There are 4 protein chains.
Amino acid sequence: MATRSAPDPARRSERARAAVLAAATELVAEVGYGKLTIEAIAARAGVGKQTIYRWWPSKGAVVFDAFLAANESGGGLALPDTGDLAADLRAVLRPTSDELADPAADLTYRAITAEILNDPALRAEYRTRLLDPLLAVTRDRLRSARDAGQIAPDTDLDLAVELVYGPIHYRWLHQLGPLTHEHADRLVDAALHALNPPATNDRSGR
Amino acid sequence: MATRSAPDPARRSERARAAVLAAATELVAEVGYGKLTIEAIAARAGVGKQTIYRWWPSKGAVVFDAFLAANESGGGLALPDTGDLAADLRAVLRPTSDELADPAADLTYRAITAEILNDPALRAEYRTRLLDPLLAVTRDRLRSARDAGQIAPDTDLDLAVELVYGPIHYRWLHQLGPLTHEHADRLVDAALHALNPPATNDRSGR
Amino acid sequence: MATRSAPDPARRSERARAAVLAAATELVAEVGYGKLTIEAIAARAGVGKQTIYRWWPSKGAVVFDAFLAANESGGGLALPDTGDLAADLRAVLRPTSDELADPAADLTYRAITAEILNDPALRAEYRTRLLDPLLAVTRDRLRSARDAGQIAPDTDLDLAVELVYGPIHYRWLHQLGPLTHEHADRLVDAALHALNPPATNDRSGR
Amino acid sequence: MATRSAPDPARRSERARAAVLAAATELVAEVGYGKLTIEAIAARAGVGKQTIYRWWPSKGAVVFDAFLAANESGGGLALPDTGDLAADLRAVLRPTSDELADPAADLTYRAITAEILNDPALRAEYRTRLLDPLLAVTRDRLRSARDAGQIAPDTDLDLAVELVYGPIHYRWLHQLGPLTHEHADRLVDAALHALNPPATNDRSGR
DNA sequence: TAGTAACCGAGACGGTACGTCTCGTCTTTAC
DNA sequence: GTAAAGACGAGACGTACCGTCTCGGTTACTA
């Protein structure tokens with residue numbers, strides 16, 4: 001029986017791969033994700049359609065791969081740990097806020113998010129390759145702060161990261177207001193306030 | 001020049017309108033938003049395609065309108081005000097959590113959110129008809145609590161609603177964990193803690 | 001039971017009827033029969049579509065009716081009978097040739113002919129209202145000539161009219177050559193020659 | 001500017017081409033030309049619509065091509081030349097008459113003729129591929145007869161072929177009478193009579 | 001270093017759905 | 001009850017892409 005033979009990654013053309021990802025990146029920014037087509041990517045990349053279908057399972061996967069290739073940190077993702085938790089969180093949220101406020105990045109990120117929403121496979125990949133690492137290092141930093149007694153010892157770290165990233169993401173998604181450093185800072189303050197152990201406040205008066 | 005004359009809403013067939021929205025609602029739940037087609041909606045509704053194109057600008061608008069027609073409160077949207085802010089917020093977040101946890105509603109809400117993400121017009125309509133009213137009543141309740149001295153007098157109400165709705169939305173979108181009443185309750189506690197005036201906790205200072 | 005009640009011709013609006021026929025005539029000349037639509041006729045005539053459907057069974061019938069209304073002789077159709085058969089036939093074929101050579105009439109006549117080709121009902125009506133009367137008077141004139149001994153006494157009058165009208169129609173349809181008076185005259189000569197009794201030429205045999 | 005690139009005939013699928021022509025032929029006979037749709041042809045042929053649009057400019061062109069493919073002589077079109085002109089013409093007109101009398105062929109030929117009437121491009125192609133060759137060989141045969149002194153030396157060969165084919169075509173188009181061998185024979189006699197030199201008749205008595 | 005297997009660009013294929021157009025019917029309002 | 005107006009169910013139009021399938025042609029491993 002003639003089983004469909006898998007393509008051989010060793011023979012994969014790096015030139016074609018890079019051209020496809022570049023074309024996808026350009027086109028997402030130009031026409032938006034919804035009007036992006038595989039045919040257009042292939043044409044822009046100077047590549048046969050089959051070459052795309054050979055290596056990516058869907059349009060979303062291509063755009064997604066392009067996004068990941070551009071955003072994936074080489075491995076050194078980590079939050080600073082200066083001892084000042086608020087400052088360290090600001091160091092993450094301020095750039096995040098800036099990027100979401102950038103029109104081109106906003107468009108791309110909206111496309112990616114829309115894909116993630118409805119495609120479980122892409123959602124899983126996004127989680128694995130981008131989100132989980134970010135949440136993990138954030139949890140690590142919060143754990144470190146918890147161990148240092150800076151936040152409540154019974155802090156739910158999962159809820160904590162949601163408190164940090166959820167509000168700004170919500171504001172971005174629904175365009176509830178401008179994404180400024182000032183807003184990011186106040187969000188950090190509020191989140192930390194939520195996580196502060198009552199004892200810390202209770203005893204501060206003494 | 002022959003300008004395209006707009007259709008006359010007075011002559012619109014209520015039968016056709018209802019059939020289209022019902023068909024769209026059914027089909028989104030059956031095949032998901034991505035595989036939903038206008039042709040299928042028209043066929044299911046027993047309606048000509050042109051009738052859909054006459055009254056809605058896009059597939060998203062139809063699904064969206066169906067969603068709004070089903071979820072729009074007749075005007076009586078309001079948060080309870082029992083005096084117990086935490087209880088009142090739980091009364092909102094728990095049902096929200098339940099709905100997001102329901103597989104059918106989850107699918108529909110993901111479809112809607114994906115549309116909102118990439119279509120400014122739909123985003124505006126969603127804001128106007130659903131989200132803004134919800135946020136407004138939430139802000140009202142928080143303002144009431146602020147006036148009662150239950151939360152800090154300088155509370156930023158915009159940030160406050162983001163703190164309430166953002167985290168649960170984030171958890172839902174990225175499937176970071178189960179959406180339970182227990183989680184909703186802890187989120188309410190954390191949010192309120194973030195908004196509590198230091199003085200409330202710092203009674204011991206007297 | 002509600003039987004479909006036939007429209008009452010007595011109440012028919014002459015204004016609407018005339019406007020429809022005029023619009024159809026204009027539009028056939030402007031856009032050709034193939035691109036003519038009932039909607040366009042109704043719009044041009046300032047008439048509701050239903051008014052057309054009420055009184056005519058098809059687009060072809062309208063155009064056709066317009067053509068007939070313009071071309072139907074009031075009853076006084078007849079060939080001249082000067083005693084000179086060739087001259088009398090020329091008096092018919094020359095104007096026919098002129099009309100077929102006129103670009104606007106050519107277009108209209110092509111549209112009519114195409115309809116006739118594929119619609120038996122229109123064909124029958126065309127025969128009854130236009131063609132048969134023409135052929136009848138032509139046959140009458142030929143019969144008169146036959147009685148006068150100018151053509152063979154056993155002349156098949158049906159074949160004779162086909163010999164007169166067939167060749168020019170064929171030349172017109174396939175655009176085999178220019179439609180000139182000179183051509184019409186030669187056709188008349190040839191046709192009469194075909195119909196001449198051998199005896200007329202073969203006097204020498206006595 | 002991106003010019004629409006023409007398809008590459010070398011890559012054309014013979015299977016698809018044949019299936020389309022066959023389906024068109026069948027469907028014209030089944031539903032008639034007017035009710036024939038490209039969608040139906042594609043469905044019957046098991047072919048994508050785009051494959052039809054890629055290779056044919058219109059519905060008419062498809063039907064037309066099917067007709068030509070079935071009727072185009074491989075190159076060996078010629079009238080017999082037995083020395084007996086009347087017999088040779090009968091050998092052409094009798095089969096023509098038979099074909100026009102066949103209901104299925106009649107329907108197809110009516111469709112083709114209607115197309116030719118209103119589409120100059122199809123008319124030109126019909127002329128080039130079918131009609132002109134037929135008229136040419138007919139003229140050749142008549143020229144041969146003229147050279148042999150069987151018809152008048154000043155015979156207008158263009159008019160002559162119109163006299164041969166026009167009348168039967170006219171009878172067919174307007175259904176003026178049955179298309180029989182007897183009619184064809186009488187037409188041949190009449191046409192030849194029209195073309196006979198008077199001298200031939202004058203001297204026959206000797 | 002020749003052969004050959006796999007990827008490559010290209011693009012035709014069978015399809016699906018698009019959004020538009022026109023059909024012929026139905027409904028509404030005015031006369 | 002006819003007329004103008006126009007929304008309606010229906011379905012074909014011609015287009016755009018889908019994902020698959022040949023085609024040569026060009027690498028780049030294997031014999």
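The chains referred to below are lettered A, B, ... by the order of the sequence lines, with proteins before strands, and numbering in each begins at 1. Below, all heavy atoms of this structure are taken into account, side chains as well, without hydrogens, waters or symmetry copies. Since this is a predicted model, take the numbers as computed values, not measurements.
For the helix from E:dT1-F:dA31 to E:dC31-F:dG1, the terminal axes (five pairs an end, C1' atoms, rotation from four pairs onto the next four) enclose an angle of 20°, given to 10 degrees.
Annotation for C:V62 and C:L21: closest pair O-CD2, 3.8 Å, computed over non-hydrogen atoms. Closest of all the heavy-atom pairs between C:A61 and C:P57 is CB-CD, 3.6 Å.
Residues that satisfy the side chain to side chain donor-acceptor pair (under 3.5 Å) test with C:R127, not counting sequence neighbours, are C:D132. Partners of B:Q50 by side chain to side chain donor-acceptor pair (under 3.5 Å), not counting sequence neighbours: none found. Every residue meeting the side chain to side chain donor-acceptor pair (under 3.5 Å) condition with C:E39, not counting sequence neighbours, appears here in chain and number order: C:K49.
Between the NZ atom of D:K59 and the C1' atom of E:dC21 there is a distance of 15 Å, given to the nearest Å. Atom CG of A:L27 is separated from atom C1' of F:dC17 by 15 Å (rounded to the nearest Å). Between D:E14 atom CD and E:dA12 atom P the separation is 16 Å, expressed in whole Å. Rounded to a whole Å, the CZ atom of A:R17 is 19 Å from the C1' atom of E:dG9. Distance, B:I38 CD1 to E:dG19 P: 6 Å, rounded to whole Å. B:K35 places its NZ atom 11 Å from the P atom of F:dG19, with the value rounded to the nearest Å.
For the residue pair A:Y126 and A:E115, no side-chain donor N or O sits within less than 3.5 Å of a side-chain acceptor on the partner.
Side-chain contact between A:F67 and A:L130 is present, with at least one heavy-atom pair separated by less than 4.5 Å. Counting only heavy atoms from C-beta outward, the side chains of A:V28 and A:I112 never approach each other to under 4.5 Å. Between B:L36 and B:I41 the shortest side-chain heavy-atom distance falls below 4.5 Å.
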Given salt bridge (charged side-chain N to carboxylate O under 4.0 Å, His left out), test D:D65 with D:R129 step by step and report yes or no.
CA-CA 10 Å; D:D65 213 12; D:R129 292 176 62 182; 3.4 Å; yes
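Mapping A:A10 and A:P57 onto DNA chain F via the closest heavy atom, the residue that lands nearer the 5' end is A:P57. The 5' end of DNA chain F is approached more closely, in terms of each residue's nearest nucleotide, by B:P9 than by the other of B:P9 and A:S58. Each of C:Y53 and A:D8 lies near DNA chain E, and the nucleotide nearest A:D8 is the one positioned closer to the 5' end.
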Can you give me the N/O atom pairs linking the protein to nucleotides 9-11 of chain F at distances under 3.5 Å, or say none if there are none?
from: F:dG9; atom 1: OP1; to: B:R15; atom 2: NH2; distance (Å): 2.6
from: F:dG9; atom 1: OP2; to: B:G48; atom 2: N; distance (Å): 3.4
from: F:dG9; atom 1: OP2; to: B:T51; atom 2: OG1; distance (Å): 2.9

So which protein N/O to nucleotides 28-31 of chain E N/O distances come out below 3.5 Å?
from: E:dT28; atom 1: O2; to: B:R11; atom 2: NH2; distance (Å): 3.1

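Side-chain nitrogen and oxygen atoms of A:W55 include none within less than 4.0 Å of the OP1 or OP2 phosphate oxygen of E:dC7.
To the nearest 0.5 Å, atoms CZ (C:R17) and CZ (C:R12) are separated by 6.0 Å.
Among the protein residues, A:W56 comes within range of no part of the nucleic acid, since none of its heavy atoms lies under 4.0 Å from any strand.
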